[in-house]
Amino acid sequence: MKNIQLLNKIAKVGTDRLDPAVYNVGADVAAPEGIMVRSAKMHEMTFNKELLAIARAGAGVNNIPVDRCATEGIVVFNTPGANANGVKELAICALLLASRKVVDGVAWAKSLAGTADVAKQVEAGKSQFGGTEIKGKTLGVIGLGAIGGMVANAAIALGMNVVGCDPFLSVDGAWNLDNHIRHAATYEEVYAAADYITLHVPATPTTTNMICKDTIALMKDGVKIINLARAELVNATDLAAAMESGKVSAYVTDFPTEETVAIPGAITIPHLGASTEESEDNCAVMAAEELDEYLSTGNIRNSVNYPNASMPRSGAMRVCVLHANVPAVLTNVTNACSKRGLNIENMLNKSKGENAYTMLDLTTAAGEDLLEELSAIGGVRRARLITL
């Protein structure tokens, strides 16, 4: 049996994908080979030597020590796109909340409870909650991946003009974009053109505080900013000053912090982007399937620290080697097989930055002596054998 530990509640439709005849799944299992996680903080965790993979039921992996996992030979997976529709729908909601003073209006209407002539008071007081329509306005989309692309397409359908920028846009991603979306070469071009700006990029050293006093200065007066990506993308101090001056007329975020909840006029949603039954189910299913595929076949799909690598099963045994992307490792791995008279029927070698992955399918089964030699090769983080 393979032990799978759950660090958070994972939708049953996902854990049901793990065959109970093969996997022992639960929160209290010992020495797990796999971990499924949502928001649990893992940076201070010490990982057992049996741990092969961590599957995050969601896109962001800020709660996981991804680089340390790579050096320990632990593959980290995420579930890109699984919650995209849920976040897209909340982004459309955020556009409307930024345009119409619905939140303030609802709170005011509720405050009328217990008073007389509520309908008359509403008619007299509603003018203080006037807003604008999004049709005909320009939406700037920073990041056109799974979520940003869907938001951009939806905005076009709602009658907005859309300008987007994504330096890492894939060919497949580009094909999925509406042809009315204007592609900007730089973020600065988006800032200058947009009435609304929505952020859909991960928090990295280069994107942290990307919205700050310098970039806000490049934006239109009265710009509305939507941040359903990560709190760190926006400098809260600079945002507060910009909202006080009117330079930024609205800010909607799905990542409240001590600073942003105190900003007058900011709408802070309690991280509801993926909090739909459908998103949670989709993420759980994808995470379980990624984990199962890697543990049972060695194939890697949607890893954030090792390259994606998939090879059809052939032969009697598969050799899987996670290693540093340095010279001579591949030669030493194949030599270890050759000197034992093991024929390599199929082979795949992929790299991702400093990390690499090699799979070999052997026509005959190998013994533990091969595993020991492979594990001793300089640069090898982990080696394992899978009977096909």
Side-chain angles (χ1 to χ4, degrees), residues 7-8 10-11 13-14 17 34-40 42 53-67 69-70 74-92 141-154 164-177 181 198-204 206-207 227-230 232-233 254-255 271-295 299-310 350-353 355 357:
L7 295 188
N8 298 104
I10 305 294
V13 68
R17 297 296 179 103
I35 289 176
M36 296 184 72
V37 62
R38 291 180 64 195
S39 59
M42 303 183 68
I54 298 169
R56 159 80 164 96
V61 291
N62 294 31
N63 57 317
I64 302 171
V66 173
D67 293 337
C69 287
I74 301 167
V75 179
V76 178
F77 298 93
N78 69 346
T79 57
N83 61 7
N85 189 70
V87 180
K88 176 207 75 175
E89 291 186 1
L90 189 64
I92 299 305
V141 183
I142 303 296
L144 292 165
I147 296 170
M150 293 177 72
V151 172
N153 289 342
C165 181
D166 190 333
F168 308 103
L169 182 63
S170 68
V171 173
D172 287 342
W175 275 108
N176 290 326
L177 294 177
I181 297 168
T198 182
L199 307 174
H200 300 284
V201 295
T204 67
T206 57
T207 61
N227 175 16
L228 307 187
R230 282 291 181 268
E232 300 92 322
L233 303 179
D254 201 27
F255 292 86
H271 199 185
L272 300 181
S275 294
T276 66
E277 293 180 7
E278 295 85 354
S279 287
E280 291 181 6
D281 287 353
N282 291 341
C283 288
V285 168
M286 185 180 291
E289 290 178 345
E290 291 165 351
L291 202 56
D292 175 53
E293 185 174 11
Y294 178 64
L295 294 180
N299 288 337
I300 294 178
R301 178 167 50 95
N302 295 326
S303 172
V304 298
N305 60 349
Y306 277 96
N308 289 336
S310 182
K350 292 281 190 76
S351 63
K352 183 174 187 175
N355 307 316
Y357 185 50

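Residues forming a side-chain contact (heavy atoms from CB on, under 4.5 Å) with M150 (at least two apart in sequence, or on another chain): A84, N85, K88. Under the rule for a side-chain contact (heavy atoms from CB on, under 4.5 Å), the partners of N282 that lie at least two apart in sequence or sit in another chain are A82. Under the salt bridge (charged side-chain N to carboxylate O under 4.0 Å, His left out) criterion, E280 pairs with R38, not counting sequence neighbours. Take S39 and apply the side-chain contact (heavy atoms from CB on, under 4.5 Å) test, not counting sequence neighbours, and it matches N8. Taking A229 as the reference, N227, L233 meet the side-chain contact (heavy atoms from CB on, under 4.5 Å) condition, with sequence neighbours excluded. For Y306, the side chain to side chain donor-acceptor pair (under 3.5 Å) partners two or more places apart in sequence, or in a different chain, are R381.
Panel note: side chain T79, backbone A287; no donor-acceptor pair is recorded below 3.5 Å. Side-chain N or O atoms of N305 include none that pairs as donor or acceptor with a backbone N or O of V75 at under 3.5 Å.
Contact check for M42 versus P65: side-chain heavy atoms found under the 4.5 Å cut-off. Taking 4.5 Å as the limit, some side-chain heavy atom of N63 sits within range of a side-chain heavy atom of R56. By the 4.5 Å heavy-atom criterion applied to side chains, N83 and T276 are not counted as neighbours. Residues L169 and L177 form a side-chain contact, since some pair of their non-hydrogen atoms from C-beta on lies under 4.5 Å apart. You'll find the side chain of T207 stays beyond 4.5 Å of the side chain of R230, heavy atoms only.
Within 6.0 Å of CG in D67 there are 12 or fewer heavy atoms belonging to other residues, nucleotides or ligands.
Atoms CG and OG, from N78 and S303 in turn, are 8.0 Å apart once rounded to the nearest 0.5 Å.
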